[in-house]
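No hydrogens, no waters, no symmetry mates; every other heavy atom, side chains included, goes into these values. Counting starts at 1 for both ligands and their atoms, in listed order.
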Amino acid sequence: MSPDLRTTYLGLQLKSPLVASASPLTGTLDSLKALEEAGAAAVILPSLFEEQIEHEETTVHDMLEQGVHSFGEALTYFPEMDDYNTGPGAYLEHVAAAKEALSIPVIASINGVTPGGWVRYAELLQEAGADAIELNVYAVETDRYASSASVEDRTLRLVSKVRGALDVPLAVKVGPYYTAFANTASRLADAGAAGLVLFNRFLQPDIDLETMTVRPELHLSTNDEMRLPLRWIAILRGRVPVSLAATSGVQTKDDVLKLLLAGADVVMLASALLREGPGLLRELTAGVSEWVEEREYASIEQLKGSMSQETCGDPRAFERAQYVRALVDYQSHARKGN
Ligand SMILES: Cc1cc2nc3c(=O)[nH]c(=O)nc-3n(C[C@H](O)[C@H](O)[C@H](O)COP(=O)(O)O)c2cc1C
């Protein structure tokens with residue numbers, strides 16, 4: 001009998017821990033269906049941005065106030081994003097159409113940083129049928145007068161405001177650059193996050209020496225990157241009362257298994273699916289299932305978190321001491337090599 005791959009994420013029962021993360025692949029119905037068919041247990045739609053919602057509201061307001069002439073001009077303000085996620089109005093239709101077409105849970109995503117009026121939109125996503133909302137709080141804080149405490153407070157206010165607008169569960173997707181992340185994670189849970197998505201992957205700008213311009217560079221991830229979420233998931237598992245989703249760098253069945261052992265409830269993929277296509281999910285599901293059976297685990301639930309910091313028998317493995325050990329190991333290998 002094949003092992004039980006079911007898992008619970010944000011209170012949702014999923015048939016397996018493999019979830020398609022927000023990316024252009026979850027932006028069209030055809031690719032959503034292909035993802036479901038290949039075994040995705042849930043999908044996260046591409047993010048709608050706070051700026052887009054605010055822009056649409058301003059545009060409609062301006063149109064009513066000043067007449068239709070101002071409309072075209074206003075639309076040029078945040079236009080290019082509509083090629084990515086269709087814009088606020090059509091996004092609601094995408095949520096509804098995805099729900100209609102799929103039988104797996106559909107999670108809508110909003111990217112926002114300020115707790116403004118746009119938050120009401122989360123409720124509309126829920127009404128359109130989203131089974132949960134993922135709030136991505138991506139921001140680059142450049143104001144030298146804004147302290148980390150004030151930025152975190154703003155994020156927490158945003159999370160509780162969005163939480164307050166919803167009945168469905170809320171997951172919060174964060175970046176890894178917090179000074180005291182265990183504390184931040186705990187406060188995000190207190191503010192109403194039912195799940196944490198670790199970690200948002202920042203796209204860093206680059207300078208083009210030919211054209212002397214600064215350009216955003218989008219590189220797909222490699223699996224070196226999964227070790228950052230692995231560490232934090234292992235540390236938080238069992239300590240913060242939230243579901244944990246791993247994102248960044250997941251490419252192979254071994255990556256999936258390691259993150260589950262560390263304590264992830266689900267493992268999300270974007271880059272690998274963009275590279276290999278949805279069919280990769282079939283391969284990963286079979287690979288995970290085979291490994292679980294070979295190791296005689298009865299289920300994913302039994303395996304989840306069995307190598308977390310709390311349970312792995314060497315809590316220091318996820319902490320600073322490991323750094324020293326890695327340096328010493330490196331040195332002794334280098335000596336032997338000489
Ligand atoms: C082309 C592309 C578009 C993405 N769009 C979004 C998005 O709209 N919202 C979001 O939260 N993350 C977005 N992401 C981030 C992914 O969902 C994922 O968290 C990140 O790429 C790390 O996972 P990976 O290593 O499997 O790619 C995007 C990633 C890629 C590569």
Side-chain angles (χ1 to χ4, degrees), residues 9 17-28 31-32 35 40-53 78 80-88 90-91 94-95 98 106-113 121-122 125 130 132-140 155 158-159 162 170-177 193 195-204 215-230 232-233 244-256 258-259 264 266-278 280-281 283-284:
Y9 176 58
L18 294 171
V19 169
S21 195
S23 89
L25 261 187
T26 57
T28 69
S31 46
L32 283 170
L35 288 164
V43 288
I44 322 294
L45 304 184
S47 300
L48 189 63
F49 283 70
E50 165 185 342
E51 291 86 341
Q52 288 179 288
I53 304 170
F78 210 77
E80 63 275 28
M81 278 303 293
D82 288 1
D83 285 342
Y84 176 57
N85 61 18
T86 67
Y91 193 91
H94 183 50
V95 175
V106 171
I107 301 177
S109 164
I110 313 187
N111 189 313
V113 285
Y121 209 83
L125 295 175
I133 305 292
E134 185 174 288
L135 173 67
N136 183 336
V137 294
Y138 169 84
V140 180
T155 303
L158 173 61
V159 170
V162 177
L170 173 67
V172 180
K173 185 172 185 177
V174 291
Y177 305 121
L196 296 178
V197 184
L198 311 180
F199 287 108
N200 190 43
R201 186 168 166 264
F202 289 80
L203 302 177
Q204 312 296 358
R215 290 198 325 212
E217 282 286 323
L218 201 157
H219 293 288
L220 299 180
S221 65
T222 63
N223 65 354
D224 273 352
E225 295 173 53
M226 54 76 81
R227 288 170 20 178
L228 185 59
L230 182 134
W232 279 105
I233 284 169
L244 295 168
T247 174
S248 277
V250 182
Q251 324 277 323
T252 65
K253 70 126 182 17
D254 288 2
D255 302 336
V256 175
K258 288 175 193 180
L259 288 160
V266 290
V267 176
M268 297 182 169
L269 296 101
S271 294
L273 295 176
L274 287 166
R275 236 187 240 120
E276 310 276 330
L280 175 67
L281 290 168
E283 205 180 291
L284 295 180

Asn111 near ligand 1 by a heavy-atom separation under 4.0 Å: no
Ligand 1 versus Leu269: contacting region, heavy-atom distance under 4.0 Å: backbone
pair Pro88-Leu48: side-chain heavy atoms closer than 4.5 Å: yes
Pro24 N/O under 3.5 Å from ligand 1 N/O: no
Side chain proximity check, Met268 to Glu134, heavy atoms < 4.5 angstrom: yes
Gap separating the CD atom of Gln251 from the CG atom of Leu284, nearest 0.5 angstrom: 9.5 Å
Pairwise distance CD(Glu225) to NE2(His219) - rounded to 0.5 angstrom: 10.5 Å
Ile44, portion touching ligand 1 at heavy-atom distance under 4.0 Å: neither
Any Ala272 heavy atom less than 4.0 Å to ligand 1: no
Atom indices of ligand 1 within 4.0 angstrom of Pro46 heavy atoms, with elements: 8 (O)
side-chain contact (heavy atoms from CB on, under 4.5 Å) assessment of Gln52 paired with Tyr121: CA-CA 11 Å; Gln52 288 179 288; Tyr121 209 83; over 6 Å; no
From Leu125 atom CG to Ile133 atom CD1, the distance as rounded to the nearest 0.5 Å: 4.5 Å
Numbering as shown, the atoms of ligand 1 that approach Leu218 to under 4.0 Å (heavy-atom distance): 1 (C), 31 (C)
Side-chain donor or acceptor of Thr26 paired with backbone N/O of Val43 under 3.5 Å: no
Ligand 1 to Val250 polar contact by distance, N or O atoms, under 3.5 Å: no
Which of the ligand 1 atoms, numbered from 1, are nearer than 4.0 Å to a heavy atom of Thr247: 18 (C), 19 (O), 20 (C), 22 (C), 23 (O)
Sole candidate of Leu198, Leu228, Asn200 that passes side chain to side chain contact (heavy atoms under 4.5 Å, CB included) when paired with Pro176: Leu228
Distance-only N or O hit between ligand 1 and Gln251, under 3.5 Å: no
Tyr177-Phe202 aromatic ring centre distance below 6.0 Å: yes
Check: Ser221 N/O within less than 3.5 Å of ligand 1 N/O: yes
Asn200 N/O under 3.5 Å from ligand 1 N/O: no
Selection from Gly249, Ala270, Gly27 by shortest heavy-atom distance to atom 26 (O) of ligand 1: Ala270
Min N/O separation Ser21 to ligand 1 under 3.5 Å: yes
Ligand 1 contact on Leu220 by region, counting heavy-atom pairs under 4.0 Å: side chain
From Arg201 atom CZ to Ser21 atom OG, the distance as rounded to the nearest 0.5 Å: 11.0 Å
Under-4.0 Å heavy-atom contact with ligand 1, by part of Lys173 that carries it: side chain
